[in-house]
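Following: one structure in structure tokens, then a few remarks.
For the numbers below, each heavy atom of this structure counts, side chains included, while hydrogens, waters and symmetry mates do not.
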Amino acid sequence: MLKIYNSLARDKQTFVPIEPGKVRMYVCGMTVYDYCHLGHARVMVVFDMVARWLRTSGYDVTYVRNITDIDDKIIKRAAENQETIDSLTGRFIQAMDEDSAALGVLRPDIEPKATQHIPQMLSMTSRLIENGLAYVGSNGDVFYAVREFTGYGKLSGKSLEDLRAGERVEVDTHKRDPLDFVLWKSVKPGEPHWDSPWGPGRPGWHLECSAMSEQHLGDHFDIHGGGADLQFPHHENEIAQSEGAHNCTFVNYWMHNGFVRVDDEKMSKSLGNFFTIREVVKKFDPEVLRFFILRAHYRSPLNYSDQHLEDAKQALTRLYTALRGIEIPNIAIDWSNAYGERFKAAMDDDFNTPEAFAVLFELANEVNKSGSVQSAALLKSLGNTLGLLERDPQAYLQAGSSSMDVLTAEQVEQFISDRLNARKAKNFAEADRIRKELAEAGIILEDGPQGTTWRRA
RNA sequence: GGCGCGUUAGCAAAUCGGUUAUGCACCGGAUUGCAAAUCCGUAGAGGCCGGUUCGACUCCGGCACGCGCCUCCA
């Protein structure tokens, strides 16, 4: 029985899909004007894990993750770069695809783009105006009338009064209420625009997610996810738009992942303290990064540092080491096995990956002790449900971390062969010298009954 | 100022009202030519102050500190 922490209820709830056996899930994706950083990595990996676990649990999942390919920052960046918006967004969509693939993130079923849903957005805006929830401001922009929507603030737990009290937004005199937000922006010189009943312009950010989720998942769907920073105002506004246009519940379960931090501060573009995925992946195997992300519960803060990545690497190495040298048959997971049961219980408890990992480590210990092929197969397949342990163990352990490596596998093998001769001749001084030389090059040797194996530190 | 979250051993990170979390690091032992890996074992925890309870890291209250949202942000 899967339980999910629902941000809307501020409580863990038993997951009951709208349609038995099916899950429709929407996640707010990237605005593509720059490379993805670790905060983006966390969203991608976390909801990939969620989608995988739902599928493992037998659900037929439709996973939608949007791409925001038109907004202020994109326009600004394209102008700075003196390139077209299409060229800019095209480049960064490709970069995003490369980064997510490296992290073992499966493609969502649908990746809708904002610019391909303008008619749907216009239609929704019309309906909101008809329902008395939107109006044309004095500057020609179309605004959502927040005070007309009963329940505004229910997701973020804020009342309109509280929000006004903490007002930090510059008062826009074109709005009826300072908290009203824009649905449709009238065109400014030199900006991309589309025709609309309210004149040429472009969509406000919040509107695209309401329009795209409506288009691909319908008026009412199961799970909506995103980073915790989107809870307000983005998701609050989505609720206002979608429920205001549909007159029905929008989403049953809202999920928000915690932030990635640096020195206990949120990693963000505005603070400038971010690391891109491609930067980190140069130093650490992408699977280590995935492991690091899933090692913390998805709702907890995740502090990034090279040392923490190093720890994650050591831990992942232990799992792969347990699998090394075992011929693993492709057998179905035995969920009635004690380890399988505990793993499932952990995952069903709001996707408790740290607890699930603990089970994997205990399984690894069991494999190391018994050499049991069944246990090894279970370890691997449980790991696989999280998108981990999919590679050949030896290949993982010997995989280079790019620029750092000075020796090729062939060179290492040559050293090992030389050392073997020295050892046969009982020339241990020479054997140890070779081992030391390799160690300095980041190569660790392990002498076993079947000969010497090696791995990279 | 309003609202919310967090504080677990050297580091990371879960569970749980009473029984070993887990990983890394550390210490002792086994194994090894010596190592590495592995195994066995030891040690180490719950911000502070109260309350409830036979018993609290776990529930309740207060305090302190940290973080986040209230503005674009994953």
Side-chain angles (χ1 to χ4, degrees), chain A residues 7 10 27-31 36-47 65 71-73 76 153 156-159 161-170 179 205 225-234 236 256-261 264-271 274 291-292 295-297 299-303 305 307-319 321-322 324-325 342 345-346 349 352-362 364-365 367-371 397 423 426-429 431-432 435-436 439 443-449 452-455 457:
Chain A
S7 304
R10 275 167 274 278
V27 171
C28 289
M30 262 49 75
T31 301
C36 291
H37 64 220
L38 295 182
H40 301 116
R42 193 174 192 189
V43 179
M44 293 196 282
V45 168
V46 160
F47 288 101
R65 191 185 65 207
D71 94 319
D72 292 354
K73 286 175 177 164
K76 183 163 171 268
S156 49
K158 299 172 191 300
S159 69
E161 292 69 44
D162 292 343
L163 286 164
R164 291 197 187 99
E167 194 60 66
R168 283 199 277 152
V169 193
E170 278 186 41
L179 293 168
W205 174 43
D229 45 0
L230 298 186
Q231 190 165 353
F232 189 90
H234 184 56
E236 195 70 63
H256 294 97
N257 65 272
F259 299 127
V260 176
R261 296 181 182 178
D264 288 315
E265 262 195 339
K266 176 183 173 182
M267 177 182 293
S268 74
K269 290 274 175 88
S270 27
L271 286 172
F274 62 90
F291 182 91
F292 168 71
R295 203 149 83 114
H297 185 86
R299 284 190 282 115
S300 302
L302 180 63
N303 229 353
S305 75
Q307 188 53 52
H308 292 159
L309 265 287
E310 201 58 54
D311 289 352
K313 178 182 171 181
Q314 292 304 320
L316 182 58
T317 293
R318 178 170 166 80
L319 296 181
T321 301
R324 180 172 55 177
R342 285 173 52 209
D349 182 14
N352 192 341
T353 50
E355 181 65 25
F357 277 19
V359 175
L360 296 186
F361 284 103
E362 289 178 41
N365 177 253
V367 171
N368 285 333
K369 270 192 281 198
S370 67
L397 293 167
R423 291 182 73 208
K426 301 278 186 209
N427 185 352
F428 294 120
D432 291 351
R435 185 170 62 198
K436 191 163 175 244
I443 306 296
I444 295 167
L445 296 189
E446 294 170 359
D447 296 328
T452 299
T453 56
W454 65 278
R455 63 190 169 91

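Contacts of Thr321(A) with the nucleic acid, taken as non-hydrogen atoms under 4.0 Å apart, involve only primed sugar atoms and P, OP1 or OP2. Counting non-hydrogen atoms under 4.0 angstrom, Val27(A) reaches nothing in the nucleic acid. Nucleic acid contact class of Met267(A) (heavy atoms, under 4.0 Å, all strands): base. Among the protein residues, Lys73(A) comes within range of the nucleic acid bases, having at least one heavy atom under 4.0 Å from a base atom. Using a 4.0 Å heavy-atom criterion, one finds that Glu310(A) contacts no nucleic acid atom at all. Within 4.0 Å of Asn365(A), counting heavy atoms only, lie sugar-phosphate atoms of the nucleic acid but no base atom. Contacts of Gly258(A) with the nucleic acid, taken as non-hydrogen atoms under 4.0 Å apart, include base atoms. Contact annotation for Ile444(A): backbone-only contact, meaning every heavy-atom pair under 4.0 Å involves sugar-phosphate atoms and none involves a base. Thr453(A) comes within 4.0 angstrom of no nucleic acid atom, judged by non-hydrogen atoms across all strands. His234(A) comes within contact range of no nucleotide atom at all, as no heavy-atom separation falls under 4.0 Å.
Between rU22(B) and rA74(B), the distance separating the two P atoms is 38 Å to the nearest Å. Comparing the P positions of rG62(B) and rA37(B) gives a spacing of 50 Å, expressed to the nearest Å. Annotation: rU15(B) and rA45(B) have their C1' atoms spaced 14 Å apart (nearest Å). Across the C1' atoms, rG1(B) and rU20(B) are found 48 Å apart, a figure rounded to whole Å. Remark: the separation of the C1' atoms in rC59(B) and rC73(B) is 37 Å, to the nearest Å. Straight-line distance between the P atoms of rC65(B) and rC48(B): roughly 15 Å, to the nearest whole Å. Distance noted for atom C1' between rA21(B) and rA14(B): 7 Å (whole Å). Using atom C1' as the reference point in both rG55(B) and rG68(B), the two lie 36 Å apart (nearest Å).
Residue Leu302(A) contributes atom CG, which lies 14 Å from atom C1' of rC67(B) at whole-angstrom precision. Atom pair Phe259(A):CZ and rG66(B):C1' shows a separation of 15 Å (rounding to whole Å applied). One interatomic measurement links the two molecules: CZ of Arg299(A) to P of rG6(B), which rounds to 9 Å at whole-angstrom precision. Summarising the geometry, the separation between CZ on Phe291(A) and P on rU22(B) is reported as 15 Å, rounded to the nearest angstrom. As a whole-Å value, the separation of Lys158(A) NZ from rG2(B) C1' is 8 Å. Taking atom CG of Asp162(A) as the reference point, atom P of rG1(B) lies 14 Å away to the nearest angstrom. Distance, Gln231(A) CD to rC72(B) P: 15 Å, rounded to whole Å. Distance, Arg10(A) CZ to rC3(B) P: 13 Å, rounded to whole Å.
For Val260(A), counting side-chain heavy atoms from C-beta on, the closest listed nucleotide (rA74(B), rC40(B), rA14(B)) is rA74(B). Set against rA14(B), rG23(B), rA74(B), the side chain of Ala315(A) has rG23(B) as its closest nucleotide. The listed nucleotides are rC70(B), rG68(B), rC73(B); the one nearest the side chain of Asp229(A) is rC73(B). Comparing rA74(B), rC24(B), rC69(B) by their nearest atom to the side chain of Met30(A) picks out rA74(B). For His40(A), the side-chain atoms get nearest to rA74(B) when compared with the rest of rC73(B), rA14(B), rA74(B). With rA74(B), rU22(B), rA37(B) as the candidates, the nucleotide lying closest to the side chain of Ala358(A) is rU22(B).
In the interface, the side chain of Lys269(A) is not paired with the base of rC72(B) through any donor and acceptor atom under 3.5 Å apart. Side-chain N/O atoms of Lys266(A) and base N/O atoms of rC73(B) include a donor-acceptor pair closer than 3.5 Å.
Ring orientation note: the planes of His40(A) and His37(A) are close to parallel, at an angle under 30° on the 30°/60° scale.
To the nearest 0.5 Å, the span separating CG on Leu316(A) from CZ on Arg318(A) amounts to 12.5 Å.
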Between the protein and nucleotides 28-34 of chain B, are there any N/O to N/O pairs under 3.5 Å, and if so, what are the atom names and distances?
unit_1  : atom_1 : unit_2    : atom_2 : d
rG33(B) : N7     : Arg423(A) : NH2    : 3.3
rG33(B) : O6     : Arg419(A) : NH2    : 3.4
rG33(B) : O6     : Arg423(A) : NE     : 3.2
rG33(B) : N1     : Asp432(A) : OD1    : 2.9
rG33(B) : N2     : Asp432(A) : OD1    : 3.4
rG33(B) : N2     : Asp432(A) : OD2    : 2.6
rC34(B) : O2     : Arg435(A) : NH1    : 3.4
rC34(B) : O2     : Arg435(A) : NH2    : 2.3
rC34(B) : N3     : Arg435(A) : NH1    : 2.8
rC34(B) : N3     : Arg435(A) : NH2    : 3.4
rC34(B) : N4     : Asp447(A) : OD2    : 3.2

Taking N or O atoms only and anything under 3.5 Å, show me the protein contacts with nucleotides 7-12 of chain B, one pair per line.
none

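The salt bridge (Lys or Arg N to Asp or Glu O under 4.0 Å) with Asp229(A) is formed by just one residue from the set Arg42(A), Lys269(A), Lys266(A); it is Lys266(A).
A side-chain donor-acceptor contact under 3.5 Å links Thr321(A) to the backbone of Thr317(A). For Lys313(A) (side chain) and Ala457(A) (main-chain N/O), a donor-acceptor pair under 3.5 Å exists by modelled atom type. Panel note: side chain Asp349(A), backbone Asn352(A); no donor-acceptor pair is recorded below 3.5 Å. Panel note: side chain His308(A), backbone Asn303(A); a donor-acceptor pair is recorded below 3.5 Å.
The shortest heavy-atom contact between His256(A) and Gly227(A) is CD2-O, 3.5 Å. When all heavy atoms of Phe292(A) and Ala312(A) are compared, the pair lying nearest together is CB-CB, 3.9 Å. Gly225(A) and Phe47(A) make their closest contact through CA-CZ, 3.6 Å (heavy atoms, listed as atom of the first residue, atom of the second, distance).
A donor atom on one side chain and an acceptor atom on the other are found under 3.5 Å apart for Glu236(A) and Ser156(A). Thr31(A) and Asp71(A) share no donor-acceptor pair across their side chains, judged by distance under 3.5 Å alone.
For Phe361(A) and His37(A), each mapped to the nucleotide of RNA chain B holding its nearest heavy atom, the one lying further toward the 5' end belongs to Phe361(A). Residue order along RNA chain B, read from the 5' end via each residue's closest nucleotide, puts Gly157(A) first among Gly157(A) and Ala364(A).
Salt bridge Arg324(A)/Glu446(A): present, at least one basic N to carboxylate O contact under 4.0 Å.
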Evaluate Trp454(A) against Ile444(A) for side-chain contact (heavy atoms from CB on, under 4.5 Å), listing each step before the verdict. CA-CA 6 Å; Trp454(A) 65 278; Ile444(A) 295 167; over 6 Å; no

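RNA chain B contains the following stems of three or more consecutive Watson-Crick or G-U pairs, with both distances under 3.5 Å: B:1-7 with B:64-70, B:10-12 with B:22-24, B:27-30 with B:38-41, B:47-51 with B:59-63.
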